[in-house]
Amino acid sequence: MHVIDERTIRPDLGQDGTTVRVQVLTIADTTSTVRIEDCGVIARQGQVHTVPADAVRTR
């Protein structure tokens with residue numbers, strides 16, 4: 001299972017986020033495109049975001 005901290009999606013909000021499960025769709029050199037599998041404070045299930053590749057972790 002892959003996860004990201006949702007503050008990675010919107011660091012400008014400065015809100016406390018949570019860790020959400022993601023499905024990795026693509027991986028490039030420094031970025032990954034992920035689909036959110038959970039709902040969090042910022043992220044909603046089904047959203048697709050591009051995040052830094054090193055933000056995607058395995059749990």
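Values below: every heavy atom of this structure, side chains too, minus hydrogens, waters and symmetry copies. We count residues from 1, following the sequence as given.
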Exercise. Under 3.5 Å, is there a donor-acceptor pair between the side chain of Thr31 and the main chain of Ala28?
Worked result: no
Problem set entry | Beyond-backbone contact of Ser32 with Thr26, side-chain heavy atoms, under 4.5 angstrom | no
For this session: Check Gln45 against Glu37 and note the closest heavy-atom contact, atom names and distance.
Result: NE2-O, 3.6 Å
Exercise. Transitively linked via ILVMFWY side-chain contacts under 4.5 Å: Ile4 with Ile42?
Worked result: no
Exercise. Given the rule that I, L, V, M, F, W and Y join up when any side-chain heavy atoms are under 4.5 Å apart, are Val24 and Val3 in one cluster?
Worked result: no
Problem set entry | ILVMFWY cluster, Ile27 and Val20 together (side-chain gap under 4.5 Å) | yes
Exercise. Which ILVMFWY residues are connected to Val48, directly or by a chain of links, through side-chain heavy atoms under 4.5 Å apart?
Worked result: Leu25
Problem set entry | Minimum side-chain heavy-atom gap Arg57-Thr19 below 4.5 Å | yes
Exercise. Can you list the residues that meet the side chain to side chain contact (heavy atoms under 4.5 Å, CB included) rule with Gln47, with sequence neighbours excluded?
Worked result: Ile36, Ala43, Arg44, His49
For this session: Kindly give the heavy-atom pair with the smallest separation between His2 and Thr58, and that separation in Å.
Result: CD2-OG1, 4.0 Å
Exercise. What's the spacing between Arg21 CZ and Asp38 CG if we round to 0.5 Å?
Worked result: 4.5 Å
